[in-house]
Amino acid sequence: MIAPDERRGGEGGGFSLTLQQYAETVLKATAWACLYFTDEDDRPLQLHSVYSPAHPWQLVGGTMDPGERPWQTAVRECEEETGITPTGPPRLLATVYGLPGAAWPYSTVGLVFDGGRLTAARIHGITVNPEEHDEVRVLPLAEWQALMPARDFARLSAVEEARRTGVAAYVDTWDWGSD
């Protein structure tokens, strides 16, 4: 890698790139951040998407806006999607990576933070944005498997294990174009 103000090159067949030229050669990716909530019995909470039939059940979160840091994204998206304002401190449960594919031309990098345990009253009080979601559901982990694609369930399982064990998960099989 070169520093932003350096150029590659030199004698003996080297090459030289401006910062702009070098920037065109590096990975292009979108980033997202979300929160993993459970009820008091440690059953995962997810939101049902109205816009993504390929990923019908989703964690609370979304795509990062320019200039936003991952925790800021998770907090903003959580407020928008549930009305809940997480207070932190941020506790990272998982990093999720996906290669580009036919369904999306860029790699994706996602961070999943621990949202904590919600009481039944708090869950019942969630109001979803009908333009994005139409249902909040809490189920035992095993019951989610039949409701979502295999890679989504693998990610959910890895996040649950990370919460349970205290060891952050690394999921690098969430590629676009694989189910």
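Note that this is a predicted model, so its numbers are computed, not measured.
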Using side-chain heavy atoms (C-beta onward) and a distance below 4.5 Å, is [X] in contact with [Y]?
X	Y	answer
L27	Y106	no
T85	C78	no
V128	D134	no
T108	W32	yes
R164	E160	yes
V171	T173	yes
R137	Q46	no
I84	L118	yes

Below 3.5 Å, can you tabulate the donor-acceptor pairs from side chains in residues 139-149 to any protein atom, sequence neighbours excluded?
{"residue": "W144", "atom": "NE1", "partner": "P44", "partner atom": "O", "Å": "3.3"}
{"residue": "W144", "atom": "NE1", "partner": "L139", "partner atom": "O", "Å": "3.3"}

(request) May I ask you to check whether Q58 and H133 show a side-chain donor-acceptor distance below 3.5 Å? (result) yes

(request) Examine the side chains of R163 and T38 and answer whether a donor and an acceptor come within less than 3.5 Å of each other. (result) yes

Can any side-chain N or O of [X] pair as donor or acceptor with the backbone N or O of [Y] at less than 3.5 Å?
X	Y	result
S52	S49	no
Q72	R69	yes
E135	L47	no

(request) Return the minimal non-hydrogen interatomic distance between D152 and H55, and the atom names on each side. (result) OD2-ND1, 2.8 Å

Transitively linked via ILVMFWY side-chain contacts under 4.5 Å: [X] with [Y]?
X	Y	value
V75	L111	yes
V167	V159	no
I126	L35	yes
W174	V109	no

(message) For D42, give me all partners under side-chain hydrogen bond (donor to acceptor under 3.5 Å, both in side chains), at least two apart in sequence or on another chain.
(response) R117

(message) Among residues at least two apart in sequence or on other chains, which ones pass side-chain hydrogen bond (donor to acceptor under 3.5 Å, both in side chains) with E161?
(response) none

(request) Start with the C-alpha distance between V60 and L45, add both sets of side-chain angles, then the distance that settles side-chain contact (heavy atoms from CB on, under 4.5 Å), and finish with yes or no. (result) CA-CA 8 Å; V60 176; L45 176 145; 4.1 Å; yes

(request) Under the ring-ring contact (aromatic ring centres under 6.0 Å, His included) rule, collect the residues that match up with F37, sequence neighbours excluded. (result) none

Approximate separation, where rounding is to 0.5 Å, of [X] [atom1] and [Y] [atom2]:
X	Y	atom1	atom2	result
N129	T82	CG	OG1	11.0 Å
E131	E80	CD	CD	11.0 Å
D39	I123	CG	CD1	5.0 Å

(message) Evaluate E68 against E77 for side-chain contact (heavy atoms from CB on, under 4.5 Å), listing each step before the verdict.
(response) CA-CA 12 Å; E68 201 171 43; E77 288 282 345; over 6 Å; no

(message) Run the side-chain contact (heavy atoms from CB on, under 4.5 Å) test on W104 and T30 for me, step by step, so that the C-alpha distance in whole Å, both residues' side-chain angles and the decisive distance to 0.1 Å come before the verdict.
(response) CA-CA 10 Å; W104 186 250; T30 56; 3.4 Å; yes

(request) Starting from the C-alpha separation in whole Å, work towards a yes-or-no answer on side-chain contact (heavy atoms from CB on, under 4.5 Å) for F113 and L59. (result) CA-CA 10 Å; F113 295 99; L59 297 172; over 6 Å; no

Side-chain donor-acceptor pairs of residues 90-100 under 3.5 Å, sequence neighbours excluded:
{"residue": "R91", "atom": "NH1", "partner": "D114", "partner atom": "OD2", "Å": "2.7"}
{"residue": "Y97", "atom": "OH", "partner": "S107", "partner atom": "OG", "Å": "2.8"}

(message) Name the residue from K28, Q20, Q21 that meets the side-chain hydrogen bond (donor to acceptor under 3.5 Å, both in side chains) definition with E24.
(response) Q20

(message) Which Ile, Leu, Val, Met, Phe, Trp or Tyr residues join M64 in one cluster when any pair of side-chain heavy atoms under 4.5 Å counts as a link?
(response) none

